[in-house]
Amino acid sequence: MTQAIVKKNHLLSYLLILVFLALFGLWIKGIDIETARQQAGVIIFSLGFVILSAYVLAQIVKSFKLPMLTGYIFAGIIAGPYISGFLTIEMVERLSLIDDLALSFIALMAGGELRLALIARQGKSIMLSIIFVTGLVIGLVVVCILLVGHHFNVTSGFNFVSLLVFGILTGVICVARSPSSAIAVIKECDAKGPFTGMVLAVTIVTDVLIIIIFTITVSLSKILMQGGDVIQLTEISSLMFEIIASLIVGVVLGQAISYYINRVRKDFLLFLLFIAFAVARLSMAFNHMMEVQYDISLHLEPLLICMSAGFFVQNFSRFGTYFLESLEKMSLPIYALFFSIAGASLNFDSLILCWPLAIIVVAARMIGLFSGSWLAGAISNDPPVFNRNAWMTYVTQAGVSIGLAQIAARQFPEIGMHLNTVILAIIAINQIIGPITFKLALNNVGESDVSSIRN
Amino acid sequence: MKIFFAFLLIIFLSFSGYHLSFRKFGIPLFARTFYLTGLEFLFLGLLLGPQFFNILDVYTCSVLAPVTALLLGWIGMLFGFQFEISKLRRFPRIDFIAGLLEGLLTLVVVFGGIYFTLPMILEISDYMRIVMSVVLASAAACTAQTGLAMLSVRQIGNNQSIVKILRYLSSIDGLVAMLALMPVFMFLPRLSGMTATRFLIEYDFLVAIVSFAGILILYNLFLVYRREQSELNLIIIGMVIFISGFSSAMNFSPLLSNFFVGVCLVNLTGEKEKIYTTLVSIEKPVYLLLLVFLGSAWYLQNFWAIAIAAGYCLLRLLGKMIGGLSISFLGPRMKAYPPTLGLGLVGQGGLPFAILFDFQQGFQSEVVDAVVGIALISIIISDVMSPTLVGRLLKKGDE
């Protein structure tokens, strides 16, 4: 049997599976829900439906050389509230528990992929890339919004200061990336090498730095919008403390993981599941307790804790390889679940409302990403192929950006709603395009398995 | 926030309990029986439940309903995987018949006893009287051989043929329980006011056949090409969730649906070993989590509950004794076993917990909670008594 026929048969079987899944879905949607048990049944059925259809769609897009991540996201989009409505917004919210668990798991993996030796070797390149990309993305997005902002309904009513603040906040949020998407594409492509290490390091470090930059920007924007002349240093110092505290908790957790591997080892995956869940939920409980009982605004970041723990196990213990291999065993269901829910959560109402402005900002962001990463690479004497392709790996955006947009919306009610809408639209575009460009870049550089086979 | 804490605590204790219960035995002798079966998790659930800490309150449990359906589905599929025809054929057919007979006789004895005594204890409708009698009889029919783990190697070595038949019977009689449980879920639509006959004949039967066929085709479409282990993990997890959800939404039982799918898969697919490996890999944590959820909804009402449980336990013992005795009438080979073989079939194991939990989830009411609570006490009594009774049986064999 030729390869083409095999591929055709595979596709046919996947289409048949989708037909069956859709029939079951229609069946369930048609029944009268009378009891709480049935209601719970529908939610759990939807969860199974999304996992299976995400897997199938991922296999289909994979045969077209696209990343599986795109398939997961599309499955979520199709099943989500804006297309088929199979997953309602309430259902997506009820699945947030599982979503958080998956994210902690992915963050552990992302931290575990960061090698200290590689960061030390490419430190200059990483640092310059972060500086140039951050500066150019913010600058270009601000200029772009100031130039065209008045032509769009969303921003036409703003005065200059409001538009400037809108531009600055959008620019800063545009710098944020998606480490979870990055690690998922890297794992899928089985990518290894200096380029992969560099882009992963840039993505993770940028995601940490952007929180600090955002806090400073919010303080500056408040001065611009509401008057005043002093930057709130307490906010910035409190933020620094939060980051350091999260990193320390992560190190302690990393130590605990290493100890467990050393002394027990058995059922390590279950232990990791517990760790992921504990981090996600205990940090939330801790933050709540500090605020309510002691009136202290100290927020431990679960994502940062997990990344730091993974980084510790990889670089300061003998169990890095075992740690990563164990994580990879569970990675497929976790990715399918997490990214399909992410797809279902994408806000298409926002995209419909302001897609022209969103496209312009996305384009400005991409130009910023390209020029910043190219410039950094050229100064660091990185291979030209790295400089040409690095920007494509920085396109993906997800959770952090949404979180920052929501904070900004609360801090600046005058422009908040519009800002949130535009950011959600930008994220929707970047999250769809990002994984595709990421895989393309890895192939172009020759660090993915696919490339090595082809070569 | 309570939901998250509750779930976190459950996962952690299940995990630690898994190690404590099944791997290390650094505990006093008298407590081994208790810990061997993981029964402490039932009490942990009780502690976390509304009667004590109220961490696993009614709302939390309802939000975590998808997790419980997954647990039931997982146990059901795993049990279905025990019925691989080619492996069952390795044993003489008479052994299989003996297993069915023993299970069936226990079922009949317990069903009869409960059906006639239940109206004296509870005021319930005729439908619920039948349903409860069948569920309790099904749970009673199940047997597990955890008690054998407490015996010495010498004791087991001297009685190899008895130990072998006890293990075989224990793996078969659960089938009787599952088949008996099937009609129970046909009563569910009736409870929502539909005509029983119409539902049973025109609707339920057709729905069951069509959906089951659809699920099997879907599963086979996934398995038609060879998958890597990681892909298979995803497919199994997805399908168990899918089937459990579908069953719950259609008023079926997640336990039963997954059980039947498991039976079909183990006999039809070439990937059975890989699927079984995946299912077994988290069997114990799944079982312990189930105990915690069951414990959280456990209502210990008064002293009479213990007395009734003791009565149920004695009824079950009677059923097992009759079942064990009847086996010796099956042929010359079976005459070799002692007539008190039923003493070795007292331990109940994990499946009855799943049956009771499935029942509790499907027929939510205070009466059901009370009955399940009594059944739980009975299971504890049976499991604690089991090693002593098995020891006595094997001692007779030694003589």
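Protein chains get the first letters and strands the later ones, always in sequence-line order, with residue 1 at the start of each.
- Looking at A:Val56, only its side chain comes within 4.5 Å of chain B, counting heavy atoms on both sides.
- For a residue to count as touching a neighbouring chain, one of its non-hydrogen atoms must lie under 4.5 Å from one of that chain's; by this rule B:Ser211 touches chain A with backbone and side chain alike.
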side-chain contact (heavy atoms from CB on, under 4.5 Å) between B:Met132 and B:Phe359: does it pass, once the steps are laid out?
CA-CA 9 Å; B:Met132 281 182 186; B:Phe359 171 54; 3.8 Å; yes
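- Heavy atoms closer than 4.5 Å to chain B are found nowhere in A:Gln39, neither backbone nor side chain.
- Heavy atoms of B:Ile217 lying under 4.5 Å from chain A belong exclusively to its side chain.
- Between A:Phe268 and A:Tyr322, the ring planes lie tilted relative to each other; the angle falls in the 30° to 60° range.
- Take B:Ile237 and apply the side-chain contact (heavy atoms from CB on, under 4.5 Å) test, not counting sequence neighbours, and it matches A:Pro333, B:Trp74, B:Ile241.
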Under 3.5 Å, which donor-acceptor pairs do the side chains of residues 45-53 of chain A form with other protein atoms, sequence neighbours left out?
from    : atom 1 : to      : atom 2 : distance (Å)
A:Ser46 : OG     : A:Val42 : O      : 2.6
A:Ser53 : OG     : A:Phe49 : O      : 2.7
A:Ser53 : OG     : A:Val50 : O      : 3.3

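- Both the backbone and the side chain of A:Leu332 come within less than 4.5 Å of a heavy atom in chain B.
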B:Val240/B:Val261 under side-chain contact (heavy atoms from CB on, under 4.5 Å): CA gap, chis, key distance, verdict
CA-CA 10 Å; B:Val240 169; B:Val261 171; over 6 Å; no
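- Residue A:Lys29 places its NZ atom among more than 12 non-hydrogen atoms of other residues, nucleotides or ligands, all under 6.0 Å distant.
- With a 4.5 Å cut-off on non-hydrogen atoms, B:Tyr225 touches chain A through its side chain but not through its backbone.
- Heavy atoms of B:Glu231 lying under 4.5 Å from chain A belong to its backbone as well as its side chain.
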